[in-house]
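Worksheet for the structure shown next.
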Amino acid sequence: MKILVTGGTGYIGSHTCVELLKNGYEVVIVDNLYNSSVEILDKIEKITGIKPVFYQTDILDKEGLEKVFTENKIDAVIHFAGYKAVGESVAKPLTYYENNISGSINLYQLMKKYCVNSLVFSSSATVYGDDFEVPFKEEYGLGTTTNPYGTSKKMNEMIITDMSKADPELSCVLLRYFNPIGAHESGLIGEIPNGIPNNLVPYIAQVVSGQRGFLRIWGNDYDTPDGTGVRDYIHVVDLARAHVKAIDYAKEHKGTEVINIGTGKGYSVMEVLHAYEKACGKKIPYQIMERRPGDIATCYADTEKAEKLLNFKAEYNIDRMCEDSYRFTVMQSK
Ligand code: NAD
Ligand code: UDP
């Protein structure tokens, strides 16, 4: 079975390609290398023994993207390609909507033209907004998003749901990721942030490697056990495994399903900091700052649907996530 992975050289995409190849799937990657590099293909080959087929193509280039469909008999698509920086999306909404919406529509149109009926889409817990009680359940539906990035995820969910209402042959799985962190145990692939990291663990990693002086903790006056924000961190390899399960599910079922992918357990910023200190064996300096606008106090998943439909349960705990992130950071700096 041949899977087209858009954004396959990116952070989550590269780990997913590894898991797909390990499970006997053929992989065709489309990525314009906006936020990744071609060397990732060698790393994937080092881990799996297989170098995936690769097209350096922008999904906005519909003709270029069509070539991928004419040259390969694609059975299913996992769609990661997109921009993901929340703050940048506020400053450049049209750029975000063009890439994340127009690019996706090109892809979905070509899927229809070439009769590719299975799709797994990268959505995000951000679509719940601040409207619901934790744990977030899929049945809550879509909340109020607070930035164009989040809205582009919500719009994709709506577009795919409409597509699947109109075409009963379609099988779509919308995975709502919680907070993916960590790296492959080989230390060969992981998250390489562009510029100053916005996310917690990449920022901590840069403090540990000496690129930044201290962690800025955005608020310690939330209604949480230690006052710092609580999130559902999930190991990227667990998340990658969930995609293989989602492809297996899509093979057997028609229609659209929205499924949370998290661990179901929340950790505070302080708890993550301490787990990372344990992993790297040293104290990590930090300062408490004002709250970051748009942040919510607590976010974690109800994982029952993932367990029931996909038979998926995350395996790795926060210590392992930090150990793997640290190993990747050390290997990067060599
Ligand atoms: P990433 O930036 O590492 O990977 C995305 C890949 O898509 C990159 O390699 C980039 O070069 C490519 N890309 C971007 N625009 C493209 C285009 N027009 N044509 C072709 N390729 C293009 O990001 P990631 O963390 O691996 O995230 C993957 C997906 O998961 C994204 O859609 C993201 O929004 C979503 N997601 C990520 C998180 C997270 O915390 N990392 C959480 C929820 C959802
Ligand atoms: N956070 C922090 N300092 C940072 C980055 C993040 O204190 O430099 C906090 C943030 O306020 C939130 C948690 O860490 O409570 C996770 O933030 P991240 O940006 O990684 O994920 P998201 O907010 O998208 O869930």
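Computed from a predicted structure; not experimentally measured. Start at 1 and go down the list; that is how both ligands and their atoms are numbered.
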Is there a polar contact between ligand 1 and [X], counting only N or O atoms under 3.5 Å apart?
X      : result
Ile12  : yes
Ser124 : no
Asn32  : yes
Phe80  : yes
Ile59  : yes

### Face-on cation placement of Lys112 at Tyr108 ring, 6.0 Å and 45° thresholds
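Pair Lys112/Tyr108 does not count as cation-pi.
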
### Distance under 6.0 Å and angle within 45° of ring axis: Arg176 vs Tyr128
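Judged by the rule, Arg176 and Tyr128 form a cation-pi pair.
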
### Message
Less than 4.0 Å is my threshold; does some heavy atom of Tyr149 fall inside it relative to ligand 2?
### Response
no

### Query
Which is it for Tyr83 and Ser89 under the side-chain hydrogen bond (donor to acceptor under 3.5 Å, both in side chains) test, yes or no, and what are the steps along the way?
CA-CA 8 Å; Tyr83 296 153; Ser89 80; over 6 Å; no

So which bit of [X] gets within less than 4.0 Å of ligand 2, heavy atoms only: side chain, backbone, both or neither?
X      : answer
Asp295 : side chain
Asn179 : side chain
Val269 : side chain
Phe214 : neither
Arg216 : backbone

Can you sort out which atoms of ligand 1 are near [X], meaning under 4.0 Å from one of its heavy atoms?
X      : result
Ser123 : 43 (C), 44 (C)
Tyr34  : 11 (O)
Thr57  : 19 (N), 20 (C)
Gly7   : 6 (C), 7 (O)
Leu33  : 11 (O)
Ser122 : 29 (C), 30 (O), 32 (O), 35 (C)
Pro180 : 39 (C), 40 (O), 41 (N)

### Task
Hey, can you tell me if Tyr249 and His253 have their rings parallel, tilted or perpendicular (30° and 60° cut-offs)?
parallel

### Query
Strictly under 4.0 Å, does any heavy atom of His79 approach an atom of ligand 1?
no

Among all protein non-hydrogen atoms, which one is nearest to [atom], and what is the separation to 0.1 Å?
atom                    : result
atom 25 (O) of ligand 1 : Lys84 NZ, 2.7 Å
atom 5 (C) of ligand 1  : Gly82 O, 4.0 Å
atom 3 (O) of ligand 1  : Tyr11 N, 2.8 Å
atom 1 (P) of ligand 1  : Asn35 ND2, 3.8 Å
atom 4 (O) of ligand 1  : Gly10 CA, 3.5 Å
atom 15 (N) of ligand 1 : Asn99 ND2, 3.0 Å

### Query
Quick one: which ligand 2 atoms are inside 4.0 Å of a heavy atom on Leu215?
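Those qualifying, in numeric order: 3 (N), 8 (O).
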
Closest candidate by heavy atom, reference [atom], pool [options]:
atom                    : options                        : value
atom 24 (O) of ligand 2 : Asn220, Val272, Asn199, Leu273 : Asn199
atom 33 (C) of ligand 1 : Tyr83, Tyr177, Tyr149          : Tyr149
atom 8 (C) of ligand 1  : Thr16, Asp58, Asp31            : Asp31

### Message
Which residue in the set Ile261, Thr126, Asn260 passes side-chain contact (heavy atoms from CB on, under 4.5 Å) when paired with Phe178?
### Response
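With Phe178 as partner, side-chain contact (heavy atoms from CB on, under 4.5 Å) holds for just one option, Asn260.
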
### Message
Consider side-chain contact (heavy atoms from CB on, under 4.5 Å). Of Asn35, Val30, Val38, Ile40, which one does Thr9 pass it with?
### Response
Ile40

### Query
Given the side-chain rings of His274 and Tyr267, with only the six-membered ring counted for Trp, is the space between their centroids under 6.0 Å?
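Between Tyr267 and His274, which both carry aromatic rings, the centre distance is not below 6.0 Å.
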
### Query
Taking the six-membered ring where the residue is Trp, are the ring centres of Tyr25 and His243 under 6.0 Å apart?
no

### Query
Is the number of heavy atoms from other residues, nucleotides or ligands under 6.0 Å of Lys67 NZ greater than 12?
no

### Query
Salt bridge check: are Arg320 and Glu185 linked by an N-O gap of less than 4.0 Å?
yes

### Message
Check Glu19 with Arg241, please: is the shortest side-chain N to carboxylate O separation under 4.0 Å?
### Response
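No, no charged N to carboxylate O under 4.0 Å.
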
Close side-chain approach of [X] to [Y], heavy-atom, < 4.5 Å:
X      : Y      : value
Gln109 : Asn106 : yes
Glu88  : Tyr96  : yes
Ser123 : Val258 : no

### Query
Quick one: does Tyr203 get an N or O within less than 3.5 Å of an N or O on ligand 2?
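So ligand 2 has no N or O lying under 3.5 Å from an N or O of Tyr203.
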
### Query
Are any of the N/O atoms in Val230 less than 3.5 Å from those in ligand 2?
no

### Query
Given the rule in the side-chain hydrogen bond (donor to acceptor under 3.5 Å, both in side chains) test, do Ser122 and Tyr177 qualify, once you have shown the distances and angles that lead to the verdict?
CA-CA 7 Å; Ser122 297; Tyr177 312 158; 2.7 Å; yes

### Residue portion contacting ligand 1 (non-hydrogen atoms closer than 4.0 Å) for Glu191
neither

### Query
Going by atom types alone, do Glu66 and Tyr114 pair a side-chain donor with an acceptor below 3.5 Å?
yes

### Message
Any donor-acceptor pair under 3.5 Å linking the side-chain atoms of Asn117 with those of Ser171?
### Response
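The criterion, which ignores hydrogens and geometry beyond distance, is not satisfied for Asn117 and Ser171.
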
